[in-house]
Amino acid sequence: MEVGLTSASTPTSLRSSLHYRSSSSFSIRDAPRTLCVKPRRFSGSLRAVASSEPSSDPMASLDLSLSPRVRSVKPSKTMTITDQATALVQAGVPVIRLAAGEPDFDTPAVIAEAGINAIREGYTRYTPNAGTIELRKAICRKLEEENGLSYKPDEILVSNGAKQSIIQAVQAVCSPGDEVIIPAPFWVSYPEMARIADATPIIIPTDISDNFLLNPKVLASKLSEKSRLIIICSPSNPTGSVCPKELLEEIANIVRKHPRLLVLSDEIYEHIIYSPAKHTSFASLPGMWERTLTVNGFSKAFAMTGWRLGYLAGPKHFVVACGKIQSQFTSGASSISQKAGVAALGMGYAGGEAVATMVKAFEERRDFLVQSFKEFNSVKISEPQGAFYLFIDFSSYYGTEVEGFGVINNSESLCRFLLDKAQVALVPGEAFGDDKCIRMSYAASLKTLQDAVSKIKEALLPLRRPVPV
């Protein structure tokens with residue numbers, strides 16, 4: 001990573017841009033008083049080569065090789081772009097940050113108070129590895145009342161966020177050579193989690209014309225004896241699509257034909273859903289409870305991203321295996337966060353009025369963005385039914401040459417152009433498995449979104465899209 005250094009006298013009018021490179025590194029240039037970091041570049045196995053020349057660098061004689069597993073994993077582009085956009089803002093550049101998947105609301109007061117009280121009352125020690133019995137019982141009640149799922153506390157594992165729950169599940173059930181079936185567009189971490197488990201991610205593309213929903217026939221054609229896990233995310237990050245119950249039933253019929261096949265159902269956005277769409281838990285379908293690992297958490301619906309609290313529900317055999325990994329990895333989640341989680345689940349059905357208020361705001365923002373981008377020429381959109389993302393097809397602009405910038409030839413260069421010209425930070429669709437699109441988070445105020453659309457429109461308006469031959 002390289003961050004340009006400028007003096008305090010640098011004019012604030014200088015453009016700042018984020019430069020992506022094929023190596024997944026990038027640089028921020030012309031950002032006032034920004035730290036300069038230039039890592040070494042190694043090739044092949046990343047081993048340092050001893051030189052006959054004496055060196056004062058103590059690293060020169062060290063073996064800097066990394067494991068093949070780590071080298072096969074790509075860094076999270078959403079986290080990378082978010083961090084760099086934040087650096088630009090801290091350097092004084094007025095970037096509109098629409099890359100992160102984080103609600104812009106504060107954690108509801110009743111939840112925050114529960115955390116504060118936990119600290120005041122000395123509830124600051126280790127908890128059981130699987131989570132407190134109080135929280136696991138509350139999760140069981142929630143799953144029964146809201147999802148029609150029956151679990152016992154020993155079939156629940158509380159972790160430091162749903163991301164940890166997912167990677168532990170993948171590691172627990174996958175063996176080297178197994179295949180993990182992942183519909184695209186996908187959350188950026190799914191394929192990398194499969195690789196960390198020495199499994200092979202099998203990507204199944206979907207189409208914006210089908211609202212990015214998985215085609216059961218295509219799914220069936222991709223399954224083999226190596227297929228071990230299907231990952232379903234509904235509502236979806238990054239598309240906002242919601243799988244109808246009828247589609248999930250078709251998928252369940254296919255799963256039944258494959259004895260080794262399990263399903264990981266990522267339901268972290270279940271409460272952020274817009275009528276008439278309805279959420280269905282995959283494990284609630286006939287015969288799927290035994291096959292399903294359900295992951296959920298508190299970050300999205302309850303605006304608790306920094307509390308780091310998620311959970312896994314499933315057959316005890318699998319949950320115990322995940323717990324074994326966790327016991328040697330992080331141990332139990334924060335005692336303070338778990339008290340806050342109990343308070344969150346006590347707010348009423350689907351989070352009660354506090355969550356409903358947030359969802360209403362998300363829906364208003366979605367409606368504004370959908371209407372706004374419908375006015376753009378040659379831009380394709382699928383109206384999100386849940387979550388807080390818009391996945392927009394801007395591929396009609398690919399092939400455009402911009403004076404002073406170069407050619408916009410993919411989602412990465414388009415995002416770089418929009419950051420440079422419009423000062424809006426978005427995530428390239430390539431990171432989610434669909435290079436035609438870019439992801440925009442609308443977890444930001446309506447005023448912020450209005451400004452972003454205006455800036456994007458101003459940046460794109462002068463462009464002449466290539467004429468098909």
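Values below: every heavy atom of this structure, side chains too, minus hydrogens, waters and symmetry copies.
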Not counting sequence neighbours, which residues clear side chain to side chain donor-acceptor pair (under 3.5 Å) with Asp207? List them please.
Ser209
For Asn160, give me all partners under side chain to side chain donor-acceptor pair (under 3.5 Å), at least two apart in sequence or on another chain.
Gln164, Thr330
Say you draw a straight line from [atom1] of [X] to [atom2] of [Y]; how long is it, rounded to the nearest 0.5 Å?
X: Met193; Y: Lys163; atom1: CE; atom2: NZ; answer: 6.0 Å
X: Ile254; Y: Leu219; atom1: CD1; atom2: CG; answer: 4.5 Å
X: Lys380; Y: Ile208; atom1: NZ; atom2: CD1; answer: 7.5 Å
X: Cys415; Y: Met440; atom1: SG; atom2: CE; answer: 9.5 Å
X: Leu247; Y: Asp210; atom1: CG; atom2: CG; answer: 10.5 Å
X: Glu250; Y: Asn215; atom1: CD; atom2: CG; answer: 8.5 Å

For [X] and [Y], work out which heavy atoms get closest and say how close.
X: Trp307; Y: Ala340; answer: CZ3-CB, 3.5 Å
X: Ser337; Y: Leu309; answer: O-CD2, 3.2 Å
X: Ser281; Y: Leu149; answer: CB-CD1, 3.9 Å
X: Pro235; Y: His279; answer: CD-ND1, 4.1 Å
X: Gln168; Y: Ile325; answer: O-CD1, 3.6 Å
X: Ala114; Y: Lys339; answer: CB-O, 3.9 Å

Regarding [X] and [Y], is there a side-chain donor-to-acceptor distance under 3.5 Å anywhere?
X: Asp266; Y: Tyr190; value: yes
X: Gln385; Y: Asn211; value: no
X: Glu267; Y: Ser265; value: yes
X: Ser411; Y: Asp435; value: yes
X: Asn410; Y: Ser413; value: yes
X: Glu270; Y: Asn296; value: yes

CA sep, side-chain torsions, deciding dist, call: Glu192, Arg195, salt bridge (Lys or Arg N to Asp or Glu O under 4.0 Å)
CA-CA 5 Å; Glu192 308 313 314; Arg195 293 186 179 100; 2.7 Å; yes
Quick one: list whatever passes ring pair (Phe, Tyr, Trp, His ring centres under 6.0 Å) with Tyr274, sequence neighbours left out.
none
[X] vs [Y] side-chain heavy atoms within contact, under 4.5 Å:
X: Phe318; Y: Leu157; result: no
X: Asp198; Y: Cys174; result: no
X: Val370; Y: Pro384; result: yes
X: Arg136; Y: Cys140; result: no
X: Arg308; Y: Ser299; result: yes
X: Trp187; Y: Cys233; result: no
X: Asp104; Y: Arg365; result: yes
X: Phe212; Y: Asp434; result: yes

Partner of Phe282 under side-chain contact (heavy atoms from CB on, under 4.5 Å), picked from Leu293, Ile232, Thr294, is Ile232
Leu98: which of Ile456, Leu449, Leu390 passes side-chain contact (heavy atoms from CB on, under 4.5 Å)
Leu449
Answer yes if the ring centres of Tyr269 and Tyr389 are under 6.0 angstrom apart, and no otherwise.
yes
Could you tell me whether Glu363 and Lys360 make a salt bridge, using a distance below 4.0 angstrom between a side-chain N and a carboxylate O?
no
Could you give me the CA-CA distance, side-chain angles and deciding distance for Gln171 and Phe329, then say whether side-chain contact (heavy atoms from CB on, under 4.5 Å) is met?
CA-CA 12 Å; Gln171 289 178 313; Phe329 186 31; 6.0 Å; no
Step-by-step salt bridge (Lys or Arg N to Asp or Glu O under 4.0 Å) determination, Glu144 to Arg141
CA-CA 5 Å; Glu144 177 73 43; Arg141 286 193 297 272; over 6 Å; no
side-chain contact (heavy atoms from CB on, under 4.5 Å) evaluation trace for His271 with Glu146
CA-CA 10 Å; His271 291 326; Glu146 297 182 3; 3.0 Å; yes
Applying side-chain contact (heavy atoms from CB on, under 4.5 Å), run through Asp178 and Leu229 and close with a yes or a no.
CA-CA 8 Å; Asp178 280 346; Leu229 190 66; over 6 Å; no
Going through the checks in order, is the side-chain contact (heavy atoms from CB on, under 4.5 Å) test met by Met358 and Phe388?
CA-CA 11 Å; Met358 288 189 273; Phe388 39 69; over 6 Å; no
